[in-house]
Amino acid sequence: MNLEQALEKLSLPRLPYDQGGTFVDTSEEGVRMRRIFTKDAPADAVDDRMLINIGPSHPAMHGTIRMVVELDGEMIVGLDVIPGYLHRGFEKECENHTYHQGIPYTDRLNYCSPLINNFAWVETVEKLFSVDVPRRTHLCRMYLAELSRITDHLTAIAAGFMELGAMTPMLWMIEVRDWYWEHLNHLTGARMTQSYARVGGAARDMWDSWLDRAMEIHEKEMIRVLKDVHALVDTNRIFIDRMRGVGVVKQEDAISYGVTGPVLRSTGVGLDCRKYTPYNLYDEVDFDVPIGKYGDNFDRYFVRMREMEESFKICRQLDPMIRATTGDAWRLEDTRMTLPPKEEVYSNIQALMNHFKLIMEGPRPPKGEAYHAVEGANGELGFYIVSDGTGMPYKARCRPPSFINMGSIHLQLLGSQVADIVPIFGQINMIGGECDR
């Protein structure tokens, strides 16, 4: 069942929208507020406004985000969003470390789906070398990326439930997310900061029994919880009132601000890097790009729920494809960039020398530049790297979806109520490490 069919089945009243999916408040108060936004209000209309700070030390705000809001009663009529001073300095750190040493820094960008960040970084370096990794490597990266997408969406939706007071579905989803993270720990050695990717391959190969357990979690845990959550909240009057018609963003505004991911797709734009600029082997698997219609919080929730189903569909197709390549090469045999296996390092002098050179000096791609974008959980995640022929990037730049998406939050908050800040901000799914690098 797609989003449109689900909404028709619910048969719930919608707030008035025009053809473009824009919320139109035709009430007298709505007309007055639009005059205020355009600074055409009479002088006495601003006498009772109040300026307050929300965050960063407030449960409604994540990380270091601070909002200075101007209120007319309970309505937000002015807004200034301040990212704060997390400032991890991702780009400059990468420019002063080797390409391999930059991999752990990518874990700390979006720490809810770090494997997607890992793969995007190493695939950009591989593009600088103009090499292609083996088929098995592509398939394993795709499988782990989709699994990471599921864990990210579970975290985002569960946090949104919690902030609305819906603790039961939140606990259901966090439990499944922890099953996934624990299983990833068996492969990567860590639950969150996994640093599993390597230039030219990965830290270790995937094995069939690991795939067996992953599919068991998909089929017995994740799908069951998605059904239970839909049954519990989709027709819940409180949830609908807090989400439907709240945080509306126009399609043209989302495009203008460079918004991507579920926030853009909630407006009806089916832009997805996996589909329209295929990388790895995404052109060999069949999946849909869920889209919304009205660009509100409810559509963003529904898009993420549907995307988890599509990720499961991709994993189910990848499972036999990965098993069919068992025993094939899972890493490049290229001494310019690929670290030799540890057992060879300890027993072969040539491998030891190669390991030493790659660790101390780093891979040395030819001079040039490359940009590579993947579909992260929150939108287009891209890395731009300039190589000067040394073992460290001359220039590194990250295109973080959270930061770009946060640039449009004022469009969703202006005209909303103070209580709407929490669900609107939650559906943006801002990740601090990615937003303020």
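This structure is a prediction, so every number in the text was calculated from the model and none was measured. Just so you know, these numbers use all the heavy atoms, side chains as well, and skip hydrogens, waters and symmetry mates.
Within the 4.5 Å cutoff, the side chain of Met243 has no heavy atoms near those of the Val233 side chain. The side-chain heavy atoms of Ile157 and Met308, taken from C-beta on, include a pair separated by under 4.5 Å. Side-chain contact between Asn354 and Gln350 is absent, with no heavy-atom pair separated by less than 4.5 Å. Residues Leu339 and Ile359 are in side-chain contact: their nearest non-hydrogen atoms beyond the backbone lie under 4.5 Å apart. In this structure, the side chains of Val263 and Val303 stay at 4.5 Å or more apart for every pair of heavy atoms. The closest side-chain heavy-atom distance from Lys395 to Glu95 is below 4.5 Å. Contact annotation: the side chain of Pro114 never approaches that of Thr193 to less than 4.5 Å [non-hydrogen atoms, C-beta and beyond].
Considering only residues two or more places apart in sequence or on other chains, Tyr279 meets the ring pair (Phe, Tyr, Trp, His ring centres under 6.0 Å) condition with Tyr282, His372. Ala203 pairs by the side chain to side chain contact (heavy atoms under 4.5 Å, CB included) definition with Tyr196, Arg198, not counting sequence neighbours. Residues satisfying the side chain to side chain contact (heavy atoms under 4.5 Å, CB included) test with Ser256, not counting sequence neighbours, are none. Partners of Lys313 according to the side chain to side chain contact (heavy atoms under 4.5 Å, CB included) rule, which considers only residues two or more places apart in sequence or in another chain, are Asp286, Phe287, Asp288, Glu310, Gln317. Qualifying side chain to side chain contact (heavy atoms under 4.5 Å, CB included) partners for Ala254, counting only residues two or more places apart in sequence or in other chains: Val249, Val259, Leu264, Thr267. Here Asp228 pairs with Arg224 under the salt bridge (Lys or Arg N to Asp or Glu O under 4.0 Å) rule; sequence neighbours left out.
Closest approach of Ala120 to Leu381, counting heavy atoms only: CB-CD2, 4.3 Å. Smallest separation of non-hydrogen atoms from Pro320 and Arg316: CD-O, 3.2 Å. Heavy-atom minimum distance, Asp205 versus Leu187: O-CD1, 3.8 Å. Summarising the geometry of Cys94 relative to Ala396, their closest heavy-atom pair is CB-CB, 4.1 Å, with the distance given to 0.1 Å. Nearest approach of Pro366 to Leu128, heavy atoms of both residues: CD-O, 3.7 Å. Between His183 and Ile217 the shortest heavy-atom distance is CB-CD1, 3.9 Å.
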- Task: Quick one: do Ile76 and Leu71 satisfy side chain to side chain contact (heavy atoms under 4.5 Å, CB included)? Show the steps, please.
- Result: CA-CA 5 Å; Ile76 302 170; Leu71 302 177; 3.8 Å; yes

- Show the numbers, then the answer: is there a side chain to side chain contact (heavy atoms under 4.5 Å, CB included) between Ile116 and Asn110? CA-CA 9 Å; Ile116 298 178; Asn110 184 345; over 6 Å; no

- Query: What's the verdict on side chain to side chain contact (heavy atoms under 4.5 Å, CB included) for Asp241 and Ile238, showing C-alpha distance, side-chain angles and the deciding distance?
  - Reply: CA-CA 5 Å; Asp241 288 344; Ile238 298 174; 5.9 Å; no

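More than 12 non-hydrogen atoms from other residues, nucleotides or ligands lie less than 6.0 angstrom from CG of Leu281. Within a 6.0 Å radius of NZ in Lys275, other residues, nucleotides and ligands contribute more than 12 heavy atoms. The environment of Lys220 atom NZ is sparse: at most 12 non-hydrogen atoms of other residues, nucleotides or ligands sit within 6.0 angstrom. Atom CE of Met215 has more than 12 heavy atoms from other residues, nucleotides or ligands within 6.0 Å.
A donor-acceptor contact shorter than 3.5 Å is absent between the side chain of Arg331 and the backbone of Ala202. No donor-acceptor pair closer than 3.5 Å links the side chain of Glu344 to the backbone N or O of Pro341. Proximity of a side-chain donor or acceptor of Asn185 to a complementary backbone N or O of Ala190 within less than 3.5 Å is detected. A donor-acceptor pair under 3.5 Å is formed between the side chain of Arg141 and the backbone N or O of Gly201. Checked by atom type and distance alone, the side chain of Thr151 pairs as donor or acceptor with a backbone atom of Cys112 at under 3.5 Å. For the pair Thr188 (side chain) and Ser195 (backbone), a donor-acceptor distance under 3.5 Å is absent. Under the 3.5 Å distance criterion, the side-chain polar atoms of Asp253 are left unmatched by any main-chain donor or acceptor of Lys250. Between the side chain of Glu126 and the backbone N or O of Val131, no donor-acceptor pair lies under 3.5 Å. Within the 3.5 Å criterion, the main-chain N or O of Thr335 finds no donor-acceptor partner in the side chain of Thr338. The backbone N or O of Met206 lies less than 3.5 Å from a partner atom in the side chain of Arg136, making a donor-acceptor pair.
Within the structure, every pair that satisfies the salt bridge (Lys or Arg N to Asp or Glu O under 4.0 Å) test and touches residues 167-185, not counting sequence neighbours, is listed here: Asp178-Arg191, Glu182-Arg191. Among residue pairs with one or both ends in residues 327-370, none qualify as ring-ring contact (aromatic ring centres under 6.0 Å, His included); sequence neighbours excluded. The list of ring-ring contact (aromatic ring centres under 6.0 Å, His included) pairs with a residue in residues 105-153, not counting sequence neighbours, reads His97-Tyr105, Trp121-Phe383. For residues 382-391, every residue pair satisfying the side-chain hydrogen bond (donor to acceptor under 3.5 Å, both in side chains) rule, not counting sequence neighbours, is listed here: Glu369-Tyr384, Asp388-Thr390. Under the ring-ring contact (aromatic ring centres under 6.0 Å, His included) criterion, the residue pairs touching residues 212-255 are Phe161-Phe239, Tyr180-His218, His218-Phe312, His230-Phe302, Phe239-Tyr301, with sequence neighbours excluded.
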Please tabulate, for the side chains in residues 397-413, all donor-acceptor contacts under 3.5 angstrom to protein atoms that are two or more places apart in sequence or on a different chain.
from	atom 1	to	atom 2	distance (Å)
Arg397	NH1	Glu91	OE2	3.4
Arg399	NH1	Glu380	O	3.0
Arg399	NH2	Gly258	O	2.9
Ser402	OG	Ile431	N	3.4
Ser402	OG	Glu434	OE2	2.7
Asn405	OD1	Thr260	N	3.3
Asn405	ND2	Thr260	O	3.4
Asn405	ND2	Asn378	O	3.1
Asn405	ND2	Pro401	O	3.4
Ser408	OG	Asn405	O	2.9
His410	ND1	Gly407	O	3.3
His410	NE2	Tyr257	OH	3.2
Gln412	OE1	Arg300	NH2	3.1

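Here Ile424 contributes atom CD1 and Asp296 contributes atom CG; the two are 10.0 Å apart, rounded to the nearest 0.5 Å. How far CZ of Arg66 is from OH of Tyr85: 8.5 Å, rounded to the nearest 0.5 Å.
Test Glu146, Glu375, Glu284 against Arg274 for salt bridge (Lys or Arg N to Asp or Glu O under 4.0 Å) and you get one pass: Glu146.
The pair Arg304-Glu307 does not count as a salt bridge, with every side-chain nitrogen at least 4.0 angstrom from each carboxylate oxygen. With respect to the salt-bridge test (charged N to carboxylate O, under 4.0 angstrom), the residues Asp212 and Arg323 qualify.
Under 3.5 Å, the side chains of Asp107 and Asn117 contain no donor-acceptor pair of N or O atoms.
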